[in-house]
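Here, residue 1 is the first one in the sequence, and each next residue gets the next number.
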Amino acid sequence: MTARSVSSNQPGLHDKLDEVVLRHLAHDFKKPYAEHSLAAFSELEKWLAGRSRPLVLDSCCGVGQSTALLAERHPEALVLGVDKSAHRLGKHEHYALARDNYLVLRADLNDLWRLMAEHGYFPSHHYLLYPNPWPKAAHLGRRWHGSPAFKALLALGGQLQLRSNWQLYVEEFARALSLAGKDAVQSEAQGAAMTPFEHKYRAAGQQCWQLDADLGAG
């Protein structure tokens with residue numbers, strides 16, 4: 001396994017990325033919340049009400065296999081898995097565990113991250129496992145680190161772990177973090193596979209990559 005620390009002293013790297021990230025960091029994302037996002041957040045608040053336990057966030061959880069595994073890994077915490085696709089979440093029953101410390105929720109993370117930060121729901125750990133990499137150059141703004149929602153992700157704080165089979169995505173994410181004054185460590189993905197995509201990639205002999213960063217208190 002190899003690991004390396006990424007800091008901000010890389011002049012000239014990813015000029016377009018720098019421009020996009022710095023623009024988003026300088027401005028708040030003010031898009032109005034969708035009604036379905038507010039309804040999902042209300043459901044989250046009801047689930048968390050009266051339960052003073054650490055919160056673990058599994059963003060882009062897909063079918064929720066990773067959410068169930070994280071509920072086992074963090075038995076002391078409440079684990080929230082979020083995905084925008086009803087189709088993917090509808091397959092969660094295959095991976096579900098008989099535990100009361102996790103919830104899978106359909107929601108738009110562009111809204112939910114902001115709502116959570118604004119209302120003080122800060123995760124101790126935040127997992128972003130194999131998000132859609134949007135690999136075309138024209139789609140930089142759809143990658144999480146190139147989107148207006150990146151500032152809200154930072155505001156949530158916590159111990160962040162990102163995994164991807166596309167090394168450039170991990171490198172770009174580390175660069176975006178460095179622009180926000182956050183250091184990150186990149187390495188080969190460690191431990192057991194956590195999602196169906198990760199199982200598939202490893203079975204095909206593809207390298208999977210990991211980024212870890214301490215985003216501080218939300």
Side-chain angles (χ1 to χ4, degrees), residues 6 8 14 16-48 54-62 66-67 70 77-85 89 103-134 139-164 169-184 211-218:
V6 177
S8 59
H14 302 312
K16 180 61 176 178
L17 174 67
D18 289 11
E19 176 189 343
V20 169
V21 173
L22 291 172
R23 182 172 69 248
H24 291 324
L25 292 177
H27 300 91
D28 291 332
F29 187 26
K30 296 184 179 296
K31 181 181 177 181
Y33 296 124
E35 287 298 323
H36 63 80
S37 296
L38 294 170
F41 182 68
S42 178
E43 183 179 346
L44 172 61
E45 286 193 303
K46 291 176 183 177
W47 183 65
L48 294 175
L55 177 63
V56 172
L57 180 58
D58 182 19
S59 292
C60 307
C61 71
S66 53
T67 312
L70 289 169
L78 297 173
V79 180
L80 172 66
V82 183
D83 200 272
K84 68 179 181 180
S85 169
L89 290 177
L103 171 73
V104 292
L105 182 67
R106 184 189 180 193
D108 182 347
L109 288 166
N110 290 281
D111 287 344
L112 194 70
W113 284 346
R114 289 187 290 153
L115 285 164
M116 290 177 65
E118 288 173 8
H119 290 80
Y121 294 107
F122 301 119
S124 62
H125 297 76
H126 190 174
Y127 293 86
L128 196 56
L129 305 175
Y130 300 93
N132 187 336
W134 294 103
H139 291 163
L140 172 61
R142 300 186 185 184
R143 302 172 201 159
W144 286 119
H145 49 279
S147 78
F150 183 64
K151 188 173 182 178
L153 180 152
L154 294 171
L156 289 172
Q159 299 292 324
L160 175 69
Q161 182 174 115
L162 164 76
R163 292 190 186 187
S164 177
Y169 191 96
V170 176
E171 292 175 347
E172 285 188 352
F173 207 105
R175 175 62 181 172
L177 288 174
S178 75
L179 293 171
K182 306 293 184 181
D183 289 333
L211 175 150
D212 292 280
D214 183 355
L215 301 185

Do Cys60 and Leu129 touch side chain to side chain, with heavy atoms closer than 4.5 Å? no

- Query: Are any of the side-chain heavy atoms of Leu140 and Glu172 separated by less than 4.5 Å?
  - Reply: yes

_Test side-chain contact (heavy atoms from CB on, under 4.5 Å) on Met116 and Leu57; report intermediate values, then the result._
CA-CA 11 Å; Met116 290 177 65; Leu57 180 58; 4.3 Å; yes

d(Ser178 OG, Asp183 CG) to nearest 0.5 Å is 8.0 Å

Here the pair of heavy atoms bringing Ser59 nearest to His126 is OG-NE2, 2.7 Å

Please check if any side-chain donor atom of Ser147 sits under 3.5 Å from a side-chain acceptor atom of His24, or the reverse.
no

dist Asp212:CG -> His125:NE2 (nearest 0.5 Å) comes out at 10.0 Å

Closest non-hydrogen atoms of Val82 and Leu112, given as atom of the first, atom of the second and distance, are CG2-CD2, 3.7 Å

When every non-hydrogen atom of Tyr169 is compared with those of Pro131, the smallest separation belongs to OH-CG, 3.6 Å

Quiz item: Does the side chain of Leu78 reach to within under 4.5 Å of the side chain of Trp47, using non-hydrogen atoms?
Solution: yes

### Backbone of Leu25 reached by a side-chain donor or acceptor of Lys151 within 3.5 Å
yes

### Any donor-acceptor pair under 3.5 Å from Asp58 side chain to Thr67 backbone
yes

Is the shortest heavy-atom distance from the side chain of Cys61 to the side chain of Leu89 under 4.5 Å?
-> yes

Rounding to 0.5 Å, atoms CG (Leu160) and OH (Tyr127) come to a distance of 10.0 Å

Worksheet item: Taking side chain as C-beta onward, heavy atoms only, is Leu211 less than 4.5 Å from Leu177?
Response: yes

Rounding to 0.5 Å, atoms CG (Leu115) and CG (Leu109) come to a distance of 11.0 Å

Of all heavy-atom pairs linking Trp144 and Asn110, the shortest is CZ3-OD1, 3.7 Å

Note: Ala155 and Ala117 closest approach over all heavy atoms is CB-CB, 4.1 Å

Note, Leu128 side chain near Phe173 side chain (heavy atom, < 4.5 Å) = yes

Is there a side-chain contact between Val20 and His145, using heavy atoms and a 4.5 Å cut-off? no

Value for CH2 (Trp134) from NE2 (His139), rounded to nearest 0.5 Å, stands at 6.0 Å

Residues passing the side chain to side chain contact (heavy atoms under 4.5 Å, CB included) test with Ala152, sequence neighbours excluded, are Trp113, Arg114

Kindly indicate whether the side chain of Leu215, heavy atoms from C-beta on, has any atom under 4.5 Å from the side chain of Leu156.
-> no

What side-chain donor-acceptor pairs closer than 3.5 Å can you find for residues 35-43, not counting sequence neighbours?
from  : atom 1 : to     : atom 2 : distance (Å)
Ser37 : OG     : Asp111 : OD2    : 2.6

Heavy atoms of Ala176 and Val21 approach each other most closely as CB-CG2, 3.8 Å

